[in-house]
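Just below is one structure, and these are the notes that go with it.
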Amino acid sequence: MRSICRKFLPVIVMLTATATVFATHPASATESFFIGLPTDGIAMTHGGEVALAAGPPGIALLQETKIRNGFALLAKVRDVNDVVIGFASELETFPTDSDMLSESVIWDTSWTVMIPGRGSIYLLEQEQSGELGAKVIIPVQKTGEAWHGDWTVTTTVGPRPDGYGTIVGGSGEFAGASGKFLEIVTLTGFEPAGIMVGRVELRLTFDQAQ
Amino acid sequence: MWRIFLGFTGTGALIALLVFANLPGYANPRIDTVRSVEPDGKVSESFFFRSPEDGIAVTHSGRLPLGIAPPGVVALSDPAIDKGFALILNMHDANARIVGFAVELEVHPEGDMFAQDLRWETEWVLVIPGRGMLILHQQEHSGELGPKVINSIRETRSDWIGDWTVQTTVGPLANGRGVIVGGTEEFEGASGSFIEIDHLTRYTVDGVMWGDFELRVAMEPRK
């Protein structure tokens with residue numbers, strides 16, 4: 001019985017997650033997109049001072065003075081059934097003269113999600129580092145040992161007054177889209193090499209059915 | 001004597017400049033003002049990048065005649081995304097100073113874009129630290145890229161070398177221009193149009209594109 005439970009646990013967890021998504025979001029107005037960490041990463045770069053590993057090894061860093069606080073990610077995008085349905089970019093600029101690990105810093109993020117056959121969606125948000133440094137990264141840096149846990153956090157804090165990010169628009173099926181969204185990160189591990197393990201959810205709430 | 005020496009040196013330098021200015025790849029195509037404000041309040045500004053120097057990462061399914069780089073970048077080989085294309089790159093101002101970085105994301109249609117003139121959707125997001133983010137949407141077309149460049153590489157199995165400037169933008173606006181979707185900070189609520197202008201000078205057999213590229217943006221006055 002125990003072995004059966006262990007075997008099917010991932011399936012049960014996935015079905016539970018699926019049910020949660022559908023239960024909390026009416027299908028006509030909301031949709032979630034998922035990115036597995038690090039499995040869905042295509043390429044990632046930054047100025048070289050971020051606690052995350054740039055990849056693949058050898059990728060050019062954003063080391064020029066003007067872009068040193070930048071961050072860029074390309075990743076595959078999955079639907080709620082864990083099927084790859086698209087790809088996306090995440091671009092960020094961090095504030096200068098701030099320590100994201102020891103302070104709770106807010107910065108601007110742009111997401112562009114491309115879903116072939118459906119269209120593209122542009123998202124803008126403000127994110128906050130919150131407890132990421134204190135809870136996960138600093139302990140790993142101090143001990144040199146990986147962090148394992150199960151921590152889910154909404155990184156979005158704006159720019160809307162209700163703390164949501166903004167759906168700016170889109171093309172194809174998403175042309176004229178408006179609404180709000182949240183980026184929800186579930187971390188299950190962080191390796192000393194700067195590799196995050198977990199999942200990112202972009203939970204979109206459209207103003208009207210698309 | 002020194003006057004004669006200076007005269008010959010100066011003349012030589014001028015001749016060299018003229019010769020280089022007319023060689024493919026050396027002529028500077030950035031002849032337009034980079035940022036200007038029209039009397040009606042419309043702001044025109046151009047952002048530039050050079051290939052391959054400014055490329056940070058590029059990926060697609062592996063079926064395009066363009067390299068995937070750097071080594072280790074994941075190809076878009078899953079069935080749902082095998083028509084996709086993604087590029088991360090540095091962005092310059094007209095004085096060749098790096099002022100930001102950007103991504104270009106595309107989804108290509110079915111068919112051979114080098115045998116036919118095909119259209120596809122392209123998204124640009126520019127990050128200009130200190131100024132904000134700018135989101136652009138356009139339709140591009142393959143146009144003469146196949147007949148003029150790619151097909152000759154396939155036939156001769158040698159690099160294409162030339163000097164070809166082309167506007168790749170064909171929409172979605174009725175006048176053939178792309179649209180400014182919006183942005184943050186200085187670009188928050190921005191509207192207007194833009195075009196992408198590609199200046200190719202070389203295309204190698206192993207899929208490396210050489211040239212200068214311009215995003216020429218025209219922002220409408222704020223209301």
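Numbered from 1 within each chain, the chains take letters A, B, ... in sequence-line order. Atom set for the values below is all heavy atoms of this structure, side chains included, hydrogens, waters and symmetry mates excluded.
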Atom group of B:Pro71 that falls short of 4.5 Å from chain A, counting heavy atoms: backbone
Heavy-atom contact with chain A under 4.5 Å, split by part of B:Ile135: side chain
With chain B, which of [options] has the greatest number of heavy-atom pairs at distances under 4.5 Å?
| options | value |
| --- | --- |
| A:Pro57, A:Ser120, A:Gly169 | A:Ser120 |
| A:Thr112, A:Thr166, A:Val168 | A:Thr112 |
| A:Gly172, A:Gly117, A:Ala72, A:Ser110 | A:Ser110 |

Please classify the contact between [X] and chain B as side chain, backbone, both or neither, with a heavy-atom cut-off of under 4.5 Å.
| X | result |
| --- | --- |
| A:Ser89 | both |
| A:Ile42 | both |
| A:Asp108 | both |
| A:Leu62 | side chain |
| A:Phe87 | both |

Pick from B:Val107, B:Ile88, B:Leu105, B:Val127 with the largest number of heavy-atom pairs that fall under 4.5 Å of chain A: B:Leu105
Pairs of heavy atoms under 4.5 Å with chain A: top-ranked of B:Val103, B:Ile128, B:Val99, B:Asp82: B:Val103
Sidechain N-carboxylate O distance under 4.0 Å for [X], [Y]:
| X | Y | answer |
| --- | --- | --- |
| A:Arg203 | A:Glu201 | yes |
| A:Glu31 | A:Arg118 | yes |
| B:Asp93 | B:Arg97 | yes |

Results of ring pair (Phe, Tyr, Trp, His ring centres under 6.0 Å) for B:His108 - residues two or more places apart only: B:Trp120
Side chains of residues 176-187 of chain B: which donor-acceptor partners sit under 3.5 Å, not counting sequence neighbours?
| from | atom 1 | to | atom 2 | distance (Å) |
| --- | --- | --- | --- | --- |
| B:Arg177 | NE | B:Ser193 | OG | 2.7 |
| B:Arg177 | NH2 | B:Ser193 | OG | 3.3 |
| B:Thr184 | OG1 | B:Met133 | N | 2.9 |
| B:Glu186 | OE1 | B:Arg131 | NE | 2.9 |
| B:Glu186 | OE2 | B:Arg131 | NE | 3.1 |
| B:Glu186 | OE2 | B:Arg131 | NH2 | 2.5 |

Heavy-atom donor-acceptor pair, B:Asp159 side chain to B:Val205 backbone, under 3.5 Å: yes
B:Phe49 and B:Trp124 aromatic centres sub-6.0 Å: yes
Nearest-0.5 Å distance, CD1 of residue A:Ile106 to OG1 of residue A:Thr155: 11.5 Å
